[in-house]
Amino acid sequence: MTMKTKLYHHLQSTTTKNPQWNTLLREAANKSLFTKALSLYLHMLRSGAFPNAFTFPFAIKSCAALSLPITGKQLHCHVVKSGCLLEPFVQTSLISMYGKCSLIDNARQVFDENPQSRKLTVCYNSLLSGYALKSRVKDVVVLFCEMRGLGVEINGVTMLGLVQPCGIPGNLGLGMCVHGFCVKFGLDMDSSVGNCLLTMYVKSGEIDCGRKLFNEMPRKGLITWNAMINGYAQNGLANNVLELYKEMESKGVCPDPLTLVGVLSSCAHLGALSVGKEVERKMEGCGFSSNPFLNNALINMYARCGNLEKARDIFDGMPVKSVVSWTAIIGGYGMHGQGEVAVQLFDEMIRGGIRPDGTAFVSVLSACSHAGLTNKGVDYFGVMERKYGLRPSAEHYSCMVDLLGRAGRLNEARELIESMQARADGALWGALLGACKIHRNVDLIAGTRQVEVLGIAAKKKSAWPSTDEM
DNA sequence: CTAGGGTTAG
């Protein structure tokens with residue numbers, strides 16, 4: 001008897017045990033209890049039962065959800081050994097898992113290994129979503145064209161893969177084209193396709209196009225409302241957020257945490273404390289009080305509305321604090337001129353093993369700037385790239401120019417601008433100009449190399465302010 | 001195979 005047939009007989013003899021395991025595993029995965037699903041898988045192996053084509057998809061899906069590429073690879077090996085690789089459900093779950101774990105080349109390999117893939121919509125869709133996640137527009141389009149060329153059926157999920165990467169700048173043209181395609185194919189705009197297109201428009205800043213599509217959708221689901229509300233929120237249209245939220249409530253649509261996140265963030269920007277408190281009560285009433293996204297938004301809301309103590313209470317009460325939670329509270333102390341506390345918190349965060357990101361540095365740099373902690377800010381700026389490998393962006397340069405400028409260290413500010421790789425933006429010039437104004441030194445700005453660049457840019461494209469406006 | 005989220009200066 002060959003190895004393969006031995007294995008086959010073994011599988012046959014154990015399949016009677018499998019249904020129970022498979023049911024448990026499926027239930028856990030469908031309830032998003034992924035850790036439980038994986039431990040069930042391990043128990044199953046230990047008990048001597050062999051996983052089969054009804055086991056793997058749920059175990060693999062759990063790896064994808066938890067982003068566990070190593071476990072995923074091990075499962076891939078188990079799949080190969082069990083001879084289930086050719087099962088479409090197993091194969092698609094593997095492709096999807098690799099895509100979600102940022103191992104897109106492995107996903108491609110699984111796809112290519114089996115000629116059957118090129119006949120199945122689901123296989124194409126899972127690979128497409130992997131490329132979409134990485135915003136690999138070219139690969140997405142090539143794959144889509146290949147599907148059409150081979151006559152593989154195209155469905156709504158296929159279109160999701162095409163629409164998703166169109167939300168990033170420069171891809172709106174393609175997105176609109178895909179929109180037309182969806183209409184031509186008669187795809188249901190009230191479903192995920194419509195929601196995805198809506199998100200694409202608002203992410204591209206085409207908020208009016210988004211609103212038009214929103215209005216045209218007769219059966220708006222919760223996700224539709226959320227996409228539009230958060231679209232307004234992300235584009236800084238806080239008043240529209242509150243208006244739409246009211247409308248949503250009046251229509252009897254019940255909000256979920258994602259809705260309230262957008263509303264709270266808009267309250268923060270408007271300084272609308274009373275609405276913010278209303279949302280907080282809603283949160284409690286709906287049982288969302290421990291949602292970390294909402295608590296981060298609450299910290300920000302209270303801090304911006306002037307109630308720093310309350311912001312701090314919420315922060316202290318969070319059992320797990322992410323870099324976003326820290327950034328929110330640091331920013332809160334920073335904007336209230338308590339730079340010392342902000343700096344202490346920043347250091348405490350690092351001691352606690354949380355790695356700061358670019359945004360965290362913006363908030364601590366600005367805190368230093370407000371509190372006059374110039375040298376401390378200069379230190380952080382250096383540490384940022386040296387220790388954390390974070391390239392300073394235009395925002396960081398703006399903070400630094402502001403920091404140095406306020407301290408009257410104008411020449412250092414100018415030198416910094418001249419040395420920078422990132423493109424100067426309005427905020428940066430505003431910061432330098434502000435500093436020059438305070439210190440009555442207008443000649444300095446006229447002497448910088450970038451002013452020439454600015455002059456040329458102004459002629460080419462009117463995105464820059466003209467010299468008259470300055 | 002599958003749509004929506006929090007933090008950042010001037």
Side-chain angles (χ1 to χ4, degrees), chain A residues 57 61 64 88-89 91-97 99-100 107 120-130 132 155-161 163-164 167 189-200 202-203 221-231 233-234 256-265 268 291-301 303-304 321-332 334-335 356-370 393-403 405 425-435:
Chain A
K61 199 177 148 187
F89 281 128
Q91 205 195 349
T92 51
S93 64
L94 273 174
I95 296 171
S96 160
M97 181 274 295
K100 282 184 184 151
L120 296 169
T121 305
V122 278
C123 285
Y124 269 106
N125 286 354
S126 46
L127 190 57
L128 268 173
S129 74
N155 64 15
V157 183
T158 317
M159 299 319 278
L160 293 181
V163 178
Q164 260 185 320
M189 281 300 167
D190 278 327
S191 66
S192 47
V193 177
N195 292 329
C196 201
L197 282 167
L198 174 53
T199 307
M200 174 197 78
V202 299
K203 281 225 191 322
L222 177 59
I223 293 182
T224 316
W225 287 96
N226 287 352
M228 194 68 232
I229 286 176
N230 287 313
Q234 282 150 17
D256 76 349
L258 276 84
T259 326
L260 302 182
V261 157
V263 178
L264 272 181
S265 144
N291 182 296
F293 282 77
L294 274 173
N295 279 302
N296 293 335
L298 260 187
I299 293 171
N300 181 39
M301 192 274 292
R304 279 184 187 265
K321 300 169 180 72
S322 71
V323 66
V324 178
S325 323
W326 286 95
T327 303
I329 195 71
I330 290 166
M335 72 182 84
D357 60 3
T359 312
F361 274 104
V362 170
S363 89
V364 77
L365 286 177
S366 95
C368 290
S369 172
H370 286 296
S393 70
E395 287 144 328
H396 300 103
Y397 282 106
S398 297
C399 290
M400 286 306 288
V401 168
D402 188 54
L403 179 94
D425 69 350
L428 186 124
W429 290 106
L432 187 62
L433 220 51

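Chain letters run A, B, ... following the sequence lines, proteins first and then strands; every chain starts at 1. Here the structure is a predicted model, which is why all the values come from computation and not from measurement. Basis for what follows: all heavy atoms, side chains included, without hydrogens, waters or symmetry-related copies.
The distance between atom CD of Gln164(A) and atom C1' of dG5(B), rounded to the nearest whole Å, is 15 Å. Whole-Å rounding puts the Gln91(A) CD to dC1(B) P distance at 12 Å. Note: CG (Leu365(A)) to C1' (dG10(B)) measures 14 Å, nearest angstrom. Between the CG atom of Asn230(A) and the C1' atom of dT7(B) there is a distance of 15 Å, given to the nearest Å. In this structure, Asn155(A) atom CG and dT2(B) atom C1' are separated by 9 Å, rounded to whole Å. Rounded to an integer number of Å, the gap from CG of Asn291(A) to C1' of dG6(B) is 9 Å. Remark: C1' of dT8(B) and CD1 of Ile299(A) are 15 Å apart, rounded to the nearest angstrom. Spacing between atom CG of Leu298(A) and atom P of dT7(B) amounts to 11 Å, rounded to whole angstrom units.
The side chain of Leu160(A) sits closest to dT2(B) out of dG6(B), dC1(B), dT2(B). The side chain of Val122(A) lies closest to dC1(B), out of dT8(B), dC1(B), dG10(B). Across dT8(B), dG5(B), dA3(B), the shortest atom-to-atom separation from the side chain of Gln234(A) is found for dG5(B). Side chain of Ile223(A), nearest nucleotide from dG6(B), dA3(B), dG10(B): dA3(B). Among dT2(B), dG6(B), dA9(B), the nucleotide with an atom closest to any side-chain atom of Ser129(A) is dT2(B). Among the nucleotides dC1(B), dT8(B), dA3(B), the one closest to the side chain of Ser192(A) is dA3(B). Closest approach to the Asn300(A) side chain among dT2(B), dA9(B), dT7(B) is made by dT7(B) (side chain taken as heavy atoms from C-beta onward). Each of dA3(B), dG5(B), dT8(B) was ranked by its minimum atom distance to the side chain of Cys196(A); first place goes to dA3(B). In the set dA3(B), dT2(B), dT8(B), the nucleotide with an atom closest to the side chain of Asn195(A) is dA3(B). Looking at the side chain of Cys399(A), the nearest of the listed nucleotides dA9(B), dC1(B), dA3(B) is dA9(B).
Residue Lys61(A) places none of its side-chain N or O atoms closer than 4.0 Å to OP1 or OP2 of dT2(B). Within the structure, every side-chain polar atom (N or O) of Lys321(A) is placed at least 4.0 Å from both OP1 and OP2 of dG6(B). OP1 and OP2 of dG6(B) both lie 4.0 Å or more from every side-chain N or O belonging to Arg304(A). One finds a side-chain N or O of His370(A) lying less than 4.0 angstrom from the OP1 or OP2 phosphate oxygen of dG10(B). The side chain of Ser265(A) contributes an N or O atom lying less than 4.0 Å from OP1 or OP2 of dT7(B).
Side chain of Asp256(A) to backbone of Thr259(A): a donor-acceptor contact under 3.5 angstrom is found. Side-chain N or O atoms of Thr92(A) include one that pairs as donor or acceptor with a backbone N or O of Pro88(A) at under 3.5 Å. Proximity of a side-chain donor or acceptor of Asp357(A) to a complementary backbone N or O of Ala360(A) within less than 3.5 Å is detected.
Donor-acceptor pairing under 3.5 Å, judged by distance alone, is absent between the side chain of Thr327(A) and the base of dG6(B).
Side-chain contact check for Gln234(A) versus Lys203(A): some heavy-atom pair is nearer than 4.5 Å. Side-chain contact between Asn125(A) and Asn155(A) is present, with heavy atoms from C-beta onward closer than 4.5 Å.
Side chains of Asp402(A) and Ser369(A): a donor-acceptor N/O pair is present below 3.5 angstrom, by distance only.
Using a 4.0 Å heavy-atom criterion, one finds that Ser322(A) contacts the bases of the nucleic acid, with or without backbone contacts as well. Across all strands shown, Thr359(A) has heavy atoms under 4.0 Å from base atoms, whether or not it also approaches the sugar-phosphate.
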